[in-house]
Student: 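There's a structure below that I have some questions on.
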Amino acid sequence: MLYAQGIIDGLEVKPHEEKPYKVKIPSGIFHMDEDQAAMFSLGAVVAAFGPIARKGR
């Protein structure tokens with residue numbers, strides 16, 4: 001969903017690394033563990049769809 005919305009440029013998962021989630025965004029590549037990736041995803045979705053949700057009121 002984040003890729004389709006243009007929020008991230010790519011995602012790679014390497015399960016055998018310490019921080020298996022490699023997220024590519026315009027400012028660089030970030031290596032994250034599972035908790036960090038979950039919080040990043042939640043924050044990105046809220047940031048992307050928050051204005052749309054408020055506009056619908």
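Hydrogens, waters and symmetry mates are skipped; everything else that's a heavy atom, side chains included, is used.
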Student: Grab the two heavy atoms, one from I25 and one from D9, that are nearest each other, plus how far apart they are.
Tutor: C-OD2, 3.7 Å
Student: Listed by chain and number, what are the side-chain hydrogen bond (donor to acceptor under 3.5 Å, both in side chains) partners of E12, not counting sequence neighbours?
Tutor: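 Once residues adjacent in sequence are excluded, the partners of E12 under the side-chain hydrogen bond (donor to acceptor under 3.5 Å, both in side chains) criterion are K14, K22.
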Student: Shared ILVMFWY cluster between F49 and L42, side chains joined below 4.5 angstrom?
Tutor: no
Student: Do L11 and I29 belong to the same hydrophobic cluster, where Ile, Leu, Val, Met, Phe, Trp and Tyr are linked whenever their side-chain heavy atoms lie under 4.5 Å apart, directly or via other members?
Tutor: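 No.
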Student: Could you tell me which non-hydrogen atom of P15 sits nearest to which non-hydrogen atom of P20, and how far apart they are?
Tutor: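 Nearest pair, atom of P15 first, then P20: CA-CB, 4.1 Å.
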Student: Under 4.5 Å between side-chain heavy atoms, counting indirect links through other Ile/Leu/Val/Met/Phe/Trp/Tyr residues: same cluster for V46 and F40 or not?
Tutor: no
Student: Under the side chain to side chain donor-acceptor pair (under 3.5 Å) rule, what pairs show up with a residue in residues 23-48, not counting sequence neighbours?
Tutor: none
Student: State plainly whether one hydrophobic cluster holds both M39 and F30, where clusters connect Ile, Leu, Val, Met, Phe, Trp and Tyr through side-chain heavy atoms under 4.5 angstrom apart.
Tutor: no
